[in-house]
Asks: 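Quick one: the structure is below, and I'll ask about it shortly.
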Amino acid sequence: AINIGNSGTDHATTIGSATGASLLTLQSGTSGITSTTVNGTYTVTSGTGTINIGVTGDHSSNFGSSSGTSQMGLSAGTLGFLVFSPSGLYNFLSTSGEFRVANGTGAINLGADAAQKVITVGNNTGTTSVAVNVGTGGTADFGTNGTAHTTTVGSTTTSATTNIQS
């Protein structure tokens, strides 16, 4: 074992140099690399360079914690935020809390690209409900685009009620 800065006293430990084209490479075998901070902030800084985490190879990447009242924040500048899965599944899960999509004053578009797809909102489990609300600045439009299609409102069961109000 090679131990660096692991004494029982408080001190700063610096490995490497930030001068010029300096490079620091950490490597390990199949046991991996563990980096730990106890109740402190863990910071990775790269100036104007790209920070790549888990970008090559077949593997899972986990970020954040699912215990207690932990929170994970992702921030982006003027170029926005991109989540990319070339052929996989996007699975956003909130097991018992609210799932919120908020965008300030910008539009929120789901499935707005030119690819054919099915978009499902809600489910028919138990007492699930779907509410579509609009303010005084607009209308709630369903099936109003310029294509030939069927728009269905209501249920096919005899015990259901369909209310249309003005």
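None of these values were measured; they are calculated from a predicted model.
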Asks: Using every non-hydrogen atom in the two residues, find where T162 and G154 come nearest and quote the distance to one decimal.
Replies: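 Reported closest heavy-atom pair: OG1-CA, 3.3 Å.
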Asks: Go through the steps to decide whether V44 and Y42 satisfy the test side chain to side chain contact (heavy atoms under 4.5 Å, CB included), and finish with yes or no.
Replies: CA-CA 7 Å; V44 177; Y42 187 92; 3.7 Å; yes
Asks: Which heavy atom of T128 sits nearest to which heavy atom of T125, and what is that distance?
Replies: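 That would be OG1-O, 2.7 Å.
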Asks: Start with the C-alpha gap between L74 and F81, add the side-chain angles, then the distance that decides, and say whether side chain to side chain contact (heavy atoms under 4.5 Å, CB included) holds.
Replies: CA-CA 9 Å; L74 299 173; F81 185 74; 3.3 Å; yes
Asks: Identify the two heavy atoms, one from S28 and one from I33, that lie closest to each other, and give their separation to 0.1 Å.
Replies: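 Result for this residue pair: OG-CG1, 3.4 Å.
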Asks: Do you know the tightest heavy-atom contact between T14 and G16?
Replies: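 Between these two residues, the closest heavy atoms are CG2-O, 4.0 Å.
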Asks: Which pair of heavy atoms, one from I119 and one from L110, lies closest together, and at what distance?
Replies: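 Closest heavy-atom pair between I119 and L110: CD1-O, 3.6 Å.
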Asks: Which pair of heavy atoms, one from A160 and one from S155, lies closest together, and at what distance?
Replies: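 For A160 versus S155, the nearest heavy atoms are CB-CB, 3.4 Å.
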Asks: Are I2 and L24 joined in one hydrophobic group, where the rule is that I, L, V, M, F, W and Y side chains link up if heavy atoms are under 4.5 Å apart?
Replies: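 Same cluster: I2 reaches L24 through Ile, Leu, Val, Met, Phe, Trp or Tyr contacts under 4.5 Å.
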Asks: Nearest 0.5 Å please: distance from the OG1 atom of T45 over to the CD1 atom of I51.
Replies: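 CD1 of I51 is found 7.0 Å from OG1 of T45.
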Asks: Check the pair T139, V134 against side chain to side chain contact (heavy atoms under 4.5 Å, CB included), reporting the backbone distance first and the verdict last.
Replies: CA-CA 6 Å; T139 59; V134 295; 6.0 Å; no
Asks: Mark yes when over 12 heavy atoms from residues, nucleotides or ligands other than D10 sit less than 6.0 Å from its CG; otherwise mark no.
Replies: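 Atom CG in D10 is not packed in, count stays at 12 or less.
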